[in-house]
Amino acid sequence: MNEALELLANPWIHGFVFGAVIVTALMSVTAYITWFERKFAARLHSRMGPTMVGPKGLLQPIADGLKMIQKEDIVPRDADRLLFNAAPAITLFFALAVAAVIPFSPGLLASNLDIGVLYALAVSGLMGFPVWVGAWASNNKYALFGGMRAVAQAISYEIPMVLSALVPVVLAGSLSIGQIVEYQIEHGWFAFWPPGPGIFAFVLFMLTALAEGNRIPFDIPEAESELVAGPTTEYTGIKFGLFASAEYIHSLLASALGAALFLGGWDGPFGIPVFWMLLKTCMLFVGVTWIRWTLLRFRSDQLMALCWVYLVPGALGLLLITGLYVHVRG
Amino acid sequence: MAVAETPPAAPVTPAAQATPIAPVTQVAASTGPLVPSGPPRDGPIPPIRAARTPRTDCKPTKAFVPEPHLDLSTYEADADLMTLSLGPQHPSTHGVFRVVLYLDGEQIVKAVPYPGYLHRGVEKLCEKLMASNITPIIDKNDYVAPMTNEQAVNMAFESLMGVEVPVRARYLRTVLAETQRVASHLLWLGTFGMDLGGALGGGTSLFMWCFRERELILDLFENLTGCRFHYNTHTVGGNRHDVPAGWPEMLHRTLGAIDERLDQYLGMLEHPIFSARTKGVGVIDADLALELGLTGPLLRASGVDHDLRRDAPYHAYAEVDLKVFVEDAGDCWARSKVRIEEMRESIRISRILVDNLPPGPICSTKPLKMVGQHKLPPGQVYVGIETPRGELGTWLIGGGANKGSSPYRLKIRSPSLHACAVIPYVLPGCSLSDAIAILGSLDPVMGEVDR
Amino acid sequence: MAVKDQLAALEAERNYEHPIYDVLARFPGLDIATTSVDALLEWGAKNSLWIFPMATSCCGIEFMAAAASRVDLDRMGTIVRGTPRQCDVMVVAGTITVKMAPRVKRLWDQMPEPKWCIAMGSCAISGDFYRDIYSVIPGIDIVVPVDVYIPGCPPNPESLMAGMMRLQERVSLKRAGKPVPKDERPETHDKTIVPKIGRFEDRIAKDPNDRTTRLQELSARTLKVQGLELPDESGE
Amino acid sequence: MSAVEARVAQLEEIFLRFELKAESDADNKTGGPLVPRARHYELAQALKEAGWTSYVAVVASHWLEEKKGETVVDVEHFEVATALRSVGAGTLVAKWRVRLELNEDIDSLFPLFAGADWQEREQYDLVGVSFKGHPDLRRLMMPDEWVGHPLRKDYAIETGCAPWR
């Protein structure tokens, strides 16, 4: 037993074991997120949602997955074969890589990086680019449009996202997510304490996370009514599935990051820490889903204007106020 | 919500400058930015029509030369123009309709529509059939509002044959037409939401709710006619189906329930994202609307106070006090507002009329027993009525070589055809997203455009 | 007849087998798993039928009603997608005209195997009362192979649901390699509307010098007889 | 005088200027007076200036040779009917017809009414009447390579296009 624990202390083995656990868990959770979202949307629409496949439609995501892997894999004649095939995998890779630094409980994290926040934001910001690569490689005009919009959106919204995530970093004085959570356990959650910049930064962070995850009202890259299916127009079967699950994982991990940075992570009044972390993540994700099925969509230029005219100056102001606060506090 | 910076001066095309009447004096504050999207650019701009003060006096304009066909060889684009074929199978073209867009970045430079993908030769078919056979076929023309279609063609036959319609049938027809208008506008609202909000998002919620309400009206019609969708309830000289017991109460219940929910839809008009997507987008001014022969909600949203139900009353419209809603802006928002307000008015009229249904026969002609009972006299008539989409006219020619009960020539003047003809005038200057919003707000039904 | 040959070729193309079976066969011992894998895949294919709506006219509205809250196609795991690449079932809802037919064919070709087609409504089945009209295709089954016919004008949303369930049975039979019962076409090719209108063939026999007959001949010659491929639509 | 009566009087006055008799649908269902081909555009212009600003419809119909016994009563010809509408209170439809011989064309109303664009294209496509001065006279409903005009009387309804029919 002790030997096994010693083995886990080795960073390579530790990373591999936890990585495997987290990736497996995330992929299966993603499948059930789709089920949850369909049921949730159906309730909003006074519908039933999936009911026929398994009890309460619980086997629906498995059926979807099995269907996707047996579909014919079409690569359009004029597509760039290599990039077209690689893009879904790279997208999923970047989406999953964020999970490495998300602390689910004091010991349960794949890698306790000192620059965890920076790493998470950088990797999730990269997710827009393989989408664009895939869109360009499919040699389809709708896909190209979607890809261009995706990359423009990713670049723009990365800035307010980073700026709003810097607020807890400045307050806690650390770039490590674990240390930020521990600071919150000691001094109160950033969303509520100190009153002022924290809650605004939290709202801003979730807003930009919506945009980064291509969720309505910021889903202009996919925009089914305009661009058919956006960057994934030419993708069939499981490749489309990879794109879709990457998007869900991204949203989920952004919720987790929001919970860790602003809502005290695994902090809770009683019980095991993991439970509280997962609860907060799920609640944030439900909020994201609710927004998705309620609002209409922005136009692309309005989206850019919203980012550059309101969000970026706002985030800068927040950061300034936070800096002043920290300076005064000493 | 945040929109692009408004350019200081309105780009005025030579065509607009040449218009002597209705000069470009001021821009209505409510219409928002003149350039619907995108920053102002240097060099030649695509023709964007300036918003003008809406007119209600309807004086003719002289030398109005629209420029829908931009010569692309003289256009200096920032980069290569992209040609995008939107349709005929696209989630948002409302049927099989194709628009070829020439895009400079995301801005549309030129739009060329291609209808005809649903041309079913109805007019040719009608030359072979007699009046009672034509009704169920005309049902399928405007498949969103079959009731008013039937009425349009049957009224033309009645006019040509000189058949009187009993008072009860006239009242019932009015009730049906107005109820159908509610159903049609609900379907429009749902699909418009889909256009703005996507198939996986809030638009779908709107779509589902609108269909939930529309199903109630279809139940109502099913109780009356036995059919859910294509009713075949009108005939020459009246209606086939009299009101069953309990039907007026059912109508009150249904329309009352919908009326309560209309407040929510009206509230949606003030939503920041909805207004940002629709205000100042796709402005059709009164001149252009009249020139293009737009009718119905599209014309009223452009500030022209014109409604056939009030101005040339048919059915029982002369007996009710109809309120006509007019909006001045002429953009997608105004069109939405006019349609939603019309729903409420239609509900009010239906509920009043169904309570005052006069007794008497429902049809003045005997039930059809033999082929050729309805003899068509030679002659030509034109009858236009106000359907949910505008003036649906029927030009009927009797006699000729078909000396019998089938028309020699039957031409349907469809409001959707004119609505689609707006596209090359309105789309240039908008972005791709705006194009979808504009297409949705025009509410074309392809069965009616192509026939 | 050229059309019939093309249809036979269409049917022949549909014997698609996923490469996973190749992989299974290549490794000795794994072929035992084929049966269970096959059962699993069949169950997946049956229960996740995503629809590509080829909604052209009235039936398209009823199709939308079927997707809306009262009937709710989503109950059986159906999602409506706008791109043919991600769909399993093409629901042809509405009249298909001569101008539209090549597009239907092209979209059908763009769908990945295994794929199915539902002809919804009498226009898609046989052309209904438009069947004798110059611009209408008398039945979509001469353009794409149809698995399930749903009669009605238009069929109720409930009928579409029933048709989808019938399709589920077909899917499982086909995957299991059993003979799939062919749906009877509810109307015959020879049915004509009343009053009767002379057929093209009769007219030629009657008067070969007829003006219309000459026009028809010219039309048939001018148009691309192999018109299954489309002219490039990207430009003008 | 009500708005409708004023419009009727105005219409009669304009028709009188063109030596025509205004006919209302109620008395005489002829589809309006027959106007010489040369004055078609002029009449439309006069009506537009008098307030008939909304374009309603153009209807072309094909009339075959008519025989009474052995004598030819009427030769094969086209008839193009046009309808305009005055907008607002007392709206009234102004209708008139123009008779065209087989190889004649008619002035397009596109310079006056942009709404005539598609209607005229449709009539050109389906009936085969050609409109002089229309900037973009292409087929609207049928494919560009289609032969014949379906709404002509000598066109069989089941005429098909290979390989579909």
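Per chain, numbering begins at 1; letters A, B, ... match sequence-line order. The figures here come from the full heavy-atom set of this structure, side chains too, leaving out hydrogens, waters and symmetry mates.
Of the two parts of B/V445, neither the backbone nor the side chain holds a non-hydrogen atom closer than 4.5 Å to a non-hydrogen atom of chain C. Residue C/A55 touches chain B through its backbone alone, counting heavy-atom pairs closer than 4.5 Å. For chain C, the nearby parts of B/I137 are the backbone and the side chain; heavy atoms of each come within less than 4.5 Å. Only the side chain of B/T191 comes within contact range of chain C, with heavy atoms under 4.5 Å apart. Looking at B/K124, the atoms closer than 4.5 Å to chain C (heavy atoms on both sides) all sit in the side chain, from C-beta outward. With a threshold of 4.5 angstrom between heavy atoms, C/I61 approaches chain B through its backbone and through its side chain.
Contact count against chain B (heavy-atom pairs under 4.5 Å) is highest for C/S69 among C/S69, C/G94, C/A67. Chain B forms the most heavy-atom pairs under 4.5 Å with one residue out of C/G60, C/P53, C/C58, and that residue is C/C58.
Of all non-hydrogen atoms in B/R389 and B/S184, the two that sit nearest each other are NH2-OG, 2.8 Å. Between B/Y143 and B/M446 the shortest heavy-atom distance is OH-N, 3.8 Å. For the residue pair C/C87 and C/R81, the shortest heavy atom distance occurs at SG-CB, 3.6 Å. Between B/E150 and B/N232 the shortest heavy-atom distance is OE2-N, 2.6 Å. When every heavy atom of B/G190 is checked against every heavy atom of B/C210, the shortest pair comes out as N-SG, 3.7 Å. For C/A68 against B/M208, the heavy-atom pair with the smallest separation is CA-SD, 3.5 Å.
Classification of the B/W188-B/H185 ring pair by plane angle, with boundaries at 30° and 60°, yields perpendicular.
Defined by atom type and a distance below 3.5 Å, a donor-acceptor pair is present between the side-chain atoms of B/S416 and B/E448.
Interface residues of residues 218-230 of chain B toward chain C, defined by a heavy-atom distance below 4.5 Å and sorted by number: B/D219, B/R228, B/F229, B/H230.
Evaluation of the side chain to side chain donor-acceptor pair (under 3.5 Å) rule for B/R261 yields B/E213 as partners, not counting sequence neighbours.
B/E123 pairs with exactly one of B/K411, B/R451, B/K128 by the salt bridge (charged side-chain N to carboxylate O under 4.0 Å, His left out) rule, that one being B/R451.
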